[in-house]
Amino acid sequence: MAVKYSNLIDGEMVQTADMLEVVNPANEEVIGLVPSCGADELDRAVAGARRAFKTWKSTPVDDRRAVINKMAEAIKENFDELFRLLTAEQGKPHAQAQMEIGAAPAIMQAQATLNLDEVINEDSEERLSRTRRVPVGVVGGIVPWNFPVLMAVQKIAPALLSGCTIVLKPSPFTPLTTLRIAELWKDIVPAGVVSIITGEESLGPLITAHPDIDKITFTGSTATGKKIMEGASKDLKRITLELGGNDASIVLPDADVSKVAEQLFWSSFSNAGQICVAAKRVYIHEDIYDELSQAIAEYAKTVVVGDGAQQGTGVGPIQNKKQFERVCELVQDAKDNGYKFLVGGDVDPSGSGYFMPITILDNPPEDARIVAEEQFGPVMPLMKFSTTDEVIQRANASDYGLAGAVWTGNPEKGVEIAEQLETGTVWINEYLHLSPFAPFGGHKQSGFGAEYGVEGLKEFTYSQVITVKKNAMA
Ligand code: NAD
């Protein structure tokens with residue numbers, strides 16, 4: 001039976017007359033009902049955030065850290081319930097849901113240790129000039145459905161640490177775990193400091209346009225990011241945009257096939273490929289292409305696609321119908337064009353759930369839609385290359401610039417290539433490793449601004465320079 005969830009608005013748990021249905025992507029059953037908020041509820045949340053900002057911004061930073069730590073502890077204490085709920089609404093296998101629910105409090109607690117130190121610009125006989133960081137005010141946070149909990153907390157923690165208050169909107173596809181966490185936080189966070197509200201797709205633009213929100217921090221698609229930038233331009237809201245990617249993984253001829261095949265597989269297929277920094281284009285040197293592509297294909301055949309709640313599942317369903325149809329369309333386009341499949345490609349139309357088989361393509365052309373567009377699904381195109389210059393040029397020939405990877409027996413060579421890639425992150429011989437202490441962000445149409453680290457924290461503040469002329473009145 002579908003459980004009714006509430007929003008956290010200005011310290012109170014709130015429901016609306018109309019509720020939205022949330023579906024389990026593994027069986028298409030409605031598992032939850034969430035509030036359908038509009039302008040009235042948003043106004044209430046923003047007014048509460050504005051009121052709370054007055055005291056929260058001057059609450060000692062160590063007290064703010066303590067609240068964030070308690071919020072993180074609440075997630076840890078309810079780990080079991082939360083990871084199961086996350087699998088039910090998002091589709092990812094239990095082991096991957098455990099990683100997300102485990103990472104969320106760890107990231108919050110790591111972010112809570114950061115400091116925004118004042119900078120002395122000048123301390124001379126004439127004057128003292130210093131730069132301090134001031135919280136921008138009320139933040140609107142908007143997050144996607146692929147890592148709903150992680151994306152939410154990695155915005156909430158630094159917003160609170162900086163002294164801002166936040167109104168956060170989960171994706172309508174995956175709001176349940178976040179709302180359950182909001183309930184756990186109700187008596188930990190002062191009223192208005194964090195509000196979490198849900199609604200239809202029309203709620204996002206209301207947040208972007210709200211005159212009393214000072215900043216938008218957004219993670220989602222590039223198409224929506226552009227709309228947010230346009231909406232935020234009306235009153236020049238500050239924005240941080242973490243958008244889509246089409247990451248290239250480059251495998252040099254000296255890579256050890258037996259060591260990289262499995263890792264390459266998971267760099268594309270974790271969370272059924274629905275990761276902004278998943279490897280979405282895999283370039284393999286021609287000398288090892290046949291051997292490595294066969295090894296990846298053989299490994300792929302051992303991985304089970306199914307309901308993430310069932311033991312043994314490695315790849316779950318696609319999270320929602322719209323995305324499922326989009327990935328099916330890209331695969332169909334590849335078929336229509338006669339591209340070769342090493343594994344998968346045929347969707348079984350019987351049964352419920354948005355399941356797509358693990359699909360690996362054998363050297364499709366660079367301009368194939370399945371290569372040029374962000375697939376965001378369990379699809380991996382493998383492509384051959386001959387020279388380093390050629391592969392760097394192909395990797396960079398994308399509107400996106402989020403991340404990338406180089407696999408090689410010679411890490412120095414890997415770094416040399418990394419420095420020529422036009423992306424915010426490059427991994428050598430690993431993938432998906434993000435640190436709460438290092439800035440993460442995109443280049444080109446993957447967005448701008450950063451999350452994590454001091455750079456990410458600064459995004460919630462503006463700099464104020466205070467200059468004191470010494471001995472002026474002497
Ligand atoms: P999406 O852009 O469709 O939706 C993201 C959020 O924006 C949702 O909460 C949605 O309700 C809201 N939204 C939709 N239209 C809006 C509008 N006009 N104004 C304001 N808000 C609006 O993205 P998605 O499909 O949920 O997520 C997948 C995308 O997110 C992929 O492109 C992926 O690469 C990207 N992503 C990026 C990162 C990153 O850190 N760079 C991380 C995760 C996902």
Side-chain angles (χ1 to χ4, degrees), residues 222 242-257 259-261 263-269 273 275-293 295-296 330 334 339-340 342 360-376 379-435 438-448 450:
T222 295
E242 297 285 359
L243 309 179
N246 195 4
D247 292 5
S249 226
I250 298 171
V251 192
L252 300 186
D254 62 2
D256 182 335
V257 169
K259 289 202 174 116
V260 300
Q263 295 189 72
L264 273 168
F265 175 88
W266 287 113
S267 73
S268 286
F269 290 101
I275 305 187
C276 55
V277 287
K280 292 171 187 144
R281 298 177 288 156
V282 178
Y283 295 99
I284 303 173
H285 192 271
E286 58 190 3
D287 287 357
I288 57 167
Y289 182 89
D290 291 343
E291 191 190 353
L292 181 53
S293 57
I296 295 171
L330 289 178
Y339 307 144
K340 208 171 140 204
L342 275 173
I360 302 178
L361 282 99
D362 184 9
N363 206 23
E366 202 67 27
D367 62 355
R369 282 188 63 197
I370 210 154
V371 177
E373 297 180 23
E374 183 186 36
Q375 317 103 9
F376 221 62
V379 169
M380 185 191 210
L382 304 178
M383 275 97 59
K384 251 183 229 184
F385 75 91
S386 310
T387 70
T388 306
D389 285 349
E390 169 213 333
V391 77
I392 292 170
Q393 186 273 326
R394 288 167 71 183
N396 284 338
S398 168
D399 287 339
Y400 294 107
L402 195 55
V406 185
W407 301 84
T408 172
N410 177 354
E412 278 174 25
K413 175 76 184 165
V415 171
E416 211 177 281
I417 292 175
E419 288 177 353
Q420 296 177 71
L421 295 179
E422 298 162 354
T423 62
T425 298
V426 188
W427 293 287
I428 317 292
N429 293 335
E430 67 172 345
Y431 64 99
L432 302 184
H433 170 77
L434 297 177
S435 159
F440 171 73
H443 179 43
K444 300 199 260 187
Q445 293 192 30
S446 291
F448 50 77

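- The main-chain N or O of Q420 is found under 3.5 Å from a side-chain atom of N396 such that the two form a donor-acceptor pair.
- Sorted by first and then second residue, the salt bridge (Lys or Arg N to Asp or Glu O under 4.0 Å) pairs with a member in residues 395-415 read K413-E416; sequence neighbours excluded.
- S268 places no side-chain N or O within 3.5 Å of a backbone atom of F265 that could act as its donor or acceptor partner.
- Nearest approach of H433 to W427, heavy atoms of both residues: O-NE1, 2.8 Å.
- At a threshold of 4.5 Å between non-hydrogen side-chain atoms, the residues F269 and I275 do not count as touching.
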Exercise for review: Determine, step by step, whether L264 and V282 satisfy the side-chain contact (heavy atoms from CB on, under 4.5 Å) criterion, reporting the C-alpha distance in whole Å, the side-chain angles of both residues, the deciding distance to 0.1 Å, and the verdict.
Suggested key: CA-CA 8 Å; L264 273 168; V282 178; 4.2 Å; yes
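- Rounded to the nearest 0.5 angstrom, I296 CD1 and L382 CG are separated by 5.0 Å.
- Remark: side-chain polar atoms of R394 are not paired, donor with acceptor, to backbone N or O of Y283 under 3.5 angstrom.
- Side chain of D362 to main chain of K340: no donor-acceptor pair is present (N/O by atom type, distance under 3.5 Å, no hydrogens or angles).
- When all heavy atoms of A255 and V260 are compared, the closest pair comes out as CB-CG1, 4.4 Å.
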Check your understanding: What's the verdict on side-chain contact (heavy atoms from CB on, under 4.5 Å) for F385 and I250, showing C-alpha distance, side-chain angles and the deciding distance?
Key -> CA-CA 9 Å; F385 75 91; I250 298 171; 4.0 Å; yes
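- Rounded to the nearest 0.5 Å, atoms CD (E373) and NZ (K280) are 12.5 Å apart.
- Not one N or O on the side chain of T425 forms a donor-acceptor pair closer than 3.5 Å with the backbone of A403.
- Panel note: side chain E374, backbone G245; a donor-acceptor pair is recorded below 3.5 Å.
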Exercise for review: Kindly determine whether L361 and I370 satisfy side-chain contact (heavy atoms from CB on, under 4.5 Å), including the steps that lead there.
Suggested key: CA-CA 9 Å; L361 282 99; I370 210 154; 3.9 Å; yes
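- Scanning both residues, V257 and A295, for their nearest heavy atoms gives CG1-CB, 4.0 Å.
- Here the side chain of Y289 pairs a donor or acceptor atom with the backbone of N363 at under 3.5 angstrom.
- The OG atom of S446 lies 9.5 Å from the CD atom of E242; values are rounded to the nearest 0.5 Å.
- Residues that satisfy the salt bridge (Lys or Arg N to Asp or Glu O under 4.0 Å) test with E422, not counting sequence neighbours, are K444.
- Distance alone, capped at 3.5 Å, places no donor-acceptor pair between the D247 side chain and the A405 backbone.
- Shown here for L342 and S293, the closest heavy-atom pair between the two residues is CD1-CB, 3.8 Å.
- In this structure a side-chain-to-backbone donor-acceptor pair under 3.5 Å is present from H285 to S386.
- The aromatic rings of Y431 and W407 lie tilted to each other, with the angle between the two planes from 30° to 60°.
- The OG1 atom of T387 lies 9.0 Å from the CD atom of E286; values are rounded to the nearest 0.5 Å.
- Here the closest non-hydrogen pair linking G244 and Y400 is O-CD2, 3.2 Å.
- When the options I284, T408, V391 are evaluated for a side-chain contact (heavy atoms from CB on, under 4.5 Å) with V251, the one that passes is I284.
- A pairwise comparison of heavy atoms in A418 and V406 identifies N-CG2, 4.5 Å as the closest pair.
- How far CD of E390 is from OG1 of T388: 9.0 Å, rounded to the nearest 0.5 Å.
- Of the possible donor and acceptor atoms, one in the side chain of N246 sits under 3.5 Å from a partner among the backbone N and O of V371.
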Point to revise | Derivation of the side-chain contact (heavy atoms from CB on, under 4.5 Å) call for F376 and L330 | key: CA-CA 10 Å; F376 221 62; L330 289 178; over 6 Å; no
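- For the atom pair CG of L243 and CD of Q445, the computed distance is 9.0 Å after rounding to the nearest 0.5 Å.
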